[in-house]
Amino acid sequence: MNDRYEPSNFESEWRERWKTADLFRTREDLNREKFYGLDFFPYPSGAGLSVGHCRNYIPTDVLCRMKFMQGYNVLHPMGFDAFGLPAENEAIKRQSHPAPMIDQYAKRYQDQMELIGIGYDWSRSFKSSDPSYYKWTQWIFKKLYEKGLAYRKDAEINWCPKDKTALANEEVVGGLCERCGTPVEKRAIPQWFFKITEYAQQLIDDLDTVDWPEGIKALQRNWIGRSEGVEFEMEITFSKDGDPAVAPAEDSGLDGFEVKSNKKASSFRVFTTRIDTIFGMTFCVLAPEHPLVRTIKQSVDAERVSEIEAYQASAKALSDMDRQAANREKTGVFTGAYAINPANDNRVPLFIADYVLMGYGTGAIMAVPAHDQRDFEFAVKFGLDVIPTFEPDTDYLKPFAEEGENLETTKARYLEDAKTFDPVFDAKSGVMVNANEFNGMTSEQGSQALADFIETAEIGERKINYKLRDWLISRQRYWGCPIPVVYDKDGHPDVVPDDALPVMLPDVENYAPGDDGSSPLSHIEEFVNATTNDGGLGRRETDTMGGFACSSWYFLRFCDPHNTGQAWDPEKVKYWMPVDCYVGGAEHAVMHLLYARFWTKVLFDLGLVDVKEPFQRLMNQGQVLALTPYRQPHEGETLGVGEDGILVSFEDAKDMPENDLDWRWVRMSKSKGNVVTPEEAVEQYGADALRIYELFVAPFEQNVQWSNEGMQGAVRFLSRVFRLASEIAPNFDADWKSKIGSTIPDGKSTDIRRATHKFIAKATDDIEKFAFNTYIAAAMTTVNTLNDLMKGMKSPTEGEKLALSEAMESLVVCLAPAAPHSADEIWSALGGKGFTYQLDWPKANAELAKEDKVTIAVQVNGKLRDTLEVAAGTANDELEQAALASEKVKSFTDGLTVRKVIVVPGKLVNVVAN
RNA sequence: GCCCGGGUGGCGGAAUGGUAGACGCAGCGGACUUAAAAUCCGUUGGCCGUAGGCCGUGAGGGUUCGAGUCCCUCCCCGGGCACCA
């Protein structure tokens, strides 16, 4: 046997053998438990995989391999998220059709995944762009439609002028297109939506039932944004001082406008989470798009109408980025109308302002500047009253107290003129003032009492609002799943019958999107012209579904990927679902994971699946960073927004003085030129070395820094395993299992077996809990320990031979998930048959793993002073005696009185003395 | 601003409230070699030293016989959200 790791001699051969043996074909043996391990559905990019991408595939593979060896039926599939913008954009750039391009890229991905030895069942693979797959994506669309969860709405959408498509809210980051960074515009186009909002509460509640990182759960809860409050109605009037008045208040700076009509105009509803602050309401605000504005315009004079319209126009022209710019100064205009506060009948001016969003709540608010920072800023700018309705506590007042001022005085000042107190008091503590019969209540009491008041008065009710918006699914693009809808001559949509599925994506020459917002499909007559369900002339929907639709159910299809008669056999889905362990990057925390959960819940409600949550356990891997050269800008060069250095190519960096360079750890990406491919890593170090390195270098969730030295370390470790195996090989007894129980332990056999069983236990636990770094560390420790034990062992005793055989076999088997090529190579060199993958995962024997001697730490007053070697299980009082007898302890307790002795069995003795 | 993560040797990182620094990288010393690489053996938190001791897990308090670990306050780094009423 070779005594070092020489991957080029055996790795590719083993991969061939695995393939020939169809080793990773999913087994569906009903007598066994199932384990479904899944990686996020990757989009196959032209750049191929980097070693960074391997960082989730390797750990999932390790877990799945162990589960299989433990006797589970393992489903470990892989496919490709082929539809969508990235593929289409790349195809347009390369002037090639996306379909063959994607096939080629997917092939490369598969080759790369195979190269690093990932044990996928490729017989179950598919691409989301396969008609046999998207047929069922369309079928699910129909199910949603039939359940009233897919609807069409003429809506203002986020429009990316560069990608020429509508974007979901989640694809707009800071007003920019997430993909290309172009400022997003608004356009009104009829769009298809999925009613995810209907499931908002369930999507929050069921997070409690899954084993996900708390951070991701928090992100989702935050995104769904539940808030409890009260929605109530306020009447409006056009006079400040009661009927029949004409002019607005003089003190509000809003006079000088004639009111054309004084009739009771209408009413509007507001949503607030702080009904307890209603007595502090000094104005109200409508979103510029609020429908009531139209009514108001009919009742105010022309000058005001033009002011309102000018403001509405400017609000509309603002891009989301500008509108949401941080710390932007508040803008708005007075409408000429007043709202009547139902709590005290005060009339307060009604404004329109773009800091109120039409899309949330009712698109209208009651403004309480004393206790809301946004309202405060608005009030200050427009000279409106700031009336506190909560007495602040001392914590709030302290910073405002003047030199030597009594806080009572500060409070009096505050209550007199809160306008100078910035930032505002959030009124979560303190008691109510200026609130009639509610005075003296806490926030909690006031909220309940005033909610009751609103409900009793029948002008509103307690309500829960969510930030979550419905899921915009339409894309005006070619490369996506066609929406299975036909419109009749009146423009009414209907879904196509099941036997007309799939609505095939036509093969076209020109698939570039039009810049008028029309899908390329709309120019293909044969596609557009269709027949309605009642045989009439129809027009086919030409938008396609956004890519997230396709990835919202692929995990179900993997359970039954070749079914032509249905999306899946319910029995198969019942068997395999949920995914037991789902592994991927945290960047999909809200989008994909929320959509997939939503579809699963809908399908559950339809009785099509019997899980409410698709992914029982979720794990997010860290990224792989590469050291990348940057430099400071030269004279005359300017940096882009958010950049603090200029990227330098590795080529140029070689010729630059080291002082000018600034090396940084950044994520591997093609654009940074810092990618290491699996091919390079495998060629230089070997596939198992890559696997070991990525597992060992840091905890799974953490980012890691790519290092050639680290790879070298993995190679060294594997070589030590080979050397150990080659040393044990002459004494290896394949039959050790049947002999070891009846052989009397001798020599170092007990120590060897202890090391073996400690490792088995550690490996099993650590893999289960994704602690791969300590799993590999334990393997290294075991190799080192066995090496030490074998030192000077010229001719091992019978017991030692058997113990070493057990040790070597266990080591190889337990290392097989991490280093499968090497494990199989060593296993076969030891005379083993078949593949390590087919061997049983060993069970640790706790008795054998137990130490017979333990080291007891002896402390005096909590400081380590001595250690004792004692037999395991030594009684507490014996430990105490031994500790007190220690010379070192005596020297530290000399002249002191021993007050207490604390004994932790098998661990430590602490002598407390003073 | 709000919500999540994190701050431990020269570096990556280990440590159910119980001997801080497992394991690895880098370094140092040695063996092998004509020499080097590779490999192997030893060593490696800092300070003072003969023994031995003192100090050490971002900072400061606290709980405890005992704190990297639990509690409070603060600082720094990374990520997410951000006018959501």
Side-chain angles (χ1 to χ4, degrees), chain A residues 3-4 173-174 213-219 221-223 225-227 229 231 270-275 277 284-285 287 323-328 330 353-357 359-368 372-375 377-378 423 465-469 586-587 589-590 620 692-693 696-699 701-705 707-717 719-720 723 771 773-784 787 791 855-868 888 891 899-914:
Chain A
D3 66 352
R4 34 191 299 197
V173 178
E214 283 306 315
I216 300 289
K217 290 189 186 184
L219 238 43
R221 289 195 190 101
N222 188 31
W223 185 265
R226 175 192 159 105
S227 51
E231 190 178 300
V270 297
F271 173 74
T272 178
T273 54
R274 295 304 304 275
I275 194 69
T277 64
C284 283
V285 185
R323 183 160 166 172
Q324 288 169 13
N327 306 325
R328 186 174 147 248
K330 296 278 180 292
D354 64 8
Y355 82 93
V356 172
L357 309 172
Y360 183 75
T362 59
I365 61 156
M366 67 172 208
V368 182
D372 182 290
Q373 192 65 31
R374 300 156 298 182
D375 298 343
E377 285 161 18
F378 192 88
N465 260 323
Y466 301 91
K467 281 199 280 187
L468 184 70
R469 308 295 154 85
E587 66 275 13
V590 281
N620 300 122
I692 292 286
Y693 172 73
F696 175 67
V697 66
E701 314 79 35
Q702 227 160 85
N703 287 350
V704 303
Q705 303 174 342
S707 124
N708 292 319
E709 290 76 23
M711 286 294 290
Q712 216 36 270
V715 168
R716 261 198 294 272
F717 163 65
S719 280
R720 284 203 298 274
R723 186 163 63 96
N773 56 331
T774 49
Y775 153 54
I776 301 301
M780 291 170 168
T781 305
T782 307
V783 171
N784 294 345
N787 265 332
K791 259 178 216 160
T855 308
I856 303 289
V858 180
Q859 301 180 334
V860 176
N861 292 331
K863 287 197 174 189
L864 183 73
R865 295 305 180 189
D866 199 2
T867 56
L868 300 171
K888 286 176 185 165
S891 74
R899 303 289 176 187
K900 193 153 69 159
V901 180
I902 285 142
V903 182
V904 181
K907 291 265 179 178
L908 135 165
V909 179
N910 188 13
V911 178
V912 185
N914 62 8

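A quick note: this is a predicted structure, and the numbers were derived from the prediction, not measured.
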Subject >> Candidates A14(B), C23(B), C55(B) - which lies nearest the side chain of Lys863(A) >> reply: C55(B)

Subject >> Presence of Lys791(A) side-chain N/O under 4.0 Å of G42(B) phosphate oxygens OP1/OP2 >> reply: yes

Original post:
Should Ser707(A) be listed as having a side-chain N or O under 4.0 Å from OP1 or OP2 of G12(B)?
Top reply: no

Original post:
Phosphate oxygens OP1/OP2 of A22(B): is one of them under 4.0 Å from a side-chain N or O of Asn773(A)?
Top reply: no

Subject >> Value in whole Å for how far the P atom of C4(B) lies from CD of Glu701(A) >> reply: 18 Å

Subject >> Chi class for G56(B): syn within 90° of 0, otherwise anti >> reply: anti

Original post:
Rounded to whole angstroms, how far apart are CD on Gln705(A) and C1' on G24(B)?
Top reply: 14 Å

Subject >> Ring-face cation contact, Tyr355(A) with Lys330(A), 6.0 Å cut, 45° max >> reply: yes

**OP:** Answer yes if the side chains of Asn787(A) and Arg720(A) hold a donor-acceptor pair under 3.5 Å, and no otherwise.
**Re:** no

Original post:
With respect to the side chain of Ile902(A), which nucleotide from G18(B), A14(B), A85(B) is positioned closest?
Top reply: G18(B)

Original post:
If only side-chain N and O atoms of Arg723(A) are considered, is one of them under 4.0 Å from the OP1 or OP2 phosphate oxygen of A38(B)?
Top reply: no

**OP:** Would you classify Asn910(A) as touching base, sugar-phosphate or nothing, given that sugar-phosphate means primed atoms plus P, OP1 and OP2, and contacts are heavy atoms under 4.0 Å?
**Re:** base

**OP:** Return no unless some side-chain N or O of Lys900(A) is found under 4.0 Å from OP1 or OP2 of U64(B).
**Re:** no

Original post:
In whole Å, what separates the C1' atom of A67(B) from that of G60(B)?
Top reply: 15 Å

Subject >> Between C70(B) and C54(B) - P atom distance, rounded Å >> reply: 28 Å

**OP:** Would you indicate, yes or no, if A38(B) has its OP1 or OP2 atom less than 4.0 angstrom from a side-chain nitrogen or oxygen of Arg720(A)?
**Re:** no

Original post:
Would you say Arg716(A) reaches A26(B)'s phosphate, i.e. side-chain N/O to OP1/OP2 under 4.0 Å?
Top reply: yes

Subject >> From Asp372(A) atom CG to Glu377(A) atom CD, the distance as rounded to the nearest 0.5 Å >> reply: 9.0 Å

**OP:** Please measure how far the C1' atom in U73(B) lies from the corresponding atom in G27(B), and state the result in whole Å.
**Re:** 40 Å

Original post:
OP1, OP2 of G18(B) versus side-chain N and O of Gln859(A): anything below 4.0 Å?
Top reply: no

Original post:
Asn222(A) side chain: which of C81(B), C83(B), G24(B) is closest?
Top reply: C81(B)

Original post:
CG of Asn787(A) versus C1' of C23(B): gap in Å, rounded?
Top reply: 15 Å

Original post:
Rounded to whole angstroms, how far apart are NZ on Lys467(A) and P on C3(B)?
Top reply: 12 Å

Original post:
Looking at the side chain of Glu709(A), which of U16(B), A85(B), C25(B) is the nearest nucleotide?
Top reply: C25(B)

Subject >> Length of the CG-C1' vector between Leu864(A) and G21(B), whole Å >> reply: 15 Å

Original post:
Hey, are the side chains of Thr867(A) and Ile856(A) touching, using non-hydrogen atoms and a 4.5 Å cut-off?
Top reply: no

Original post:
Would you call Asp354(A)-Arg328(A) a salt bridge at under 4.0 Å N-O?
Top reply: yes

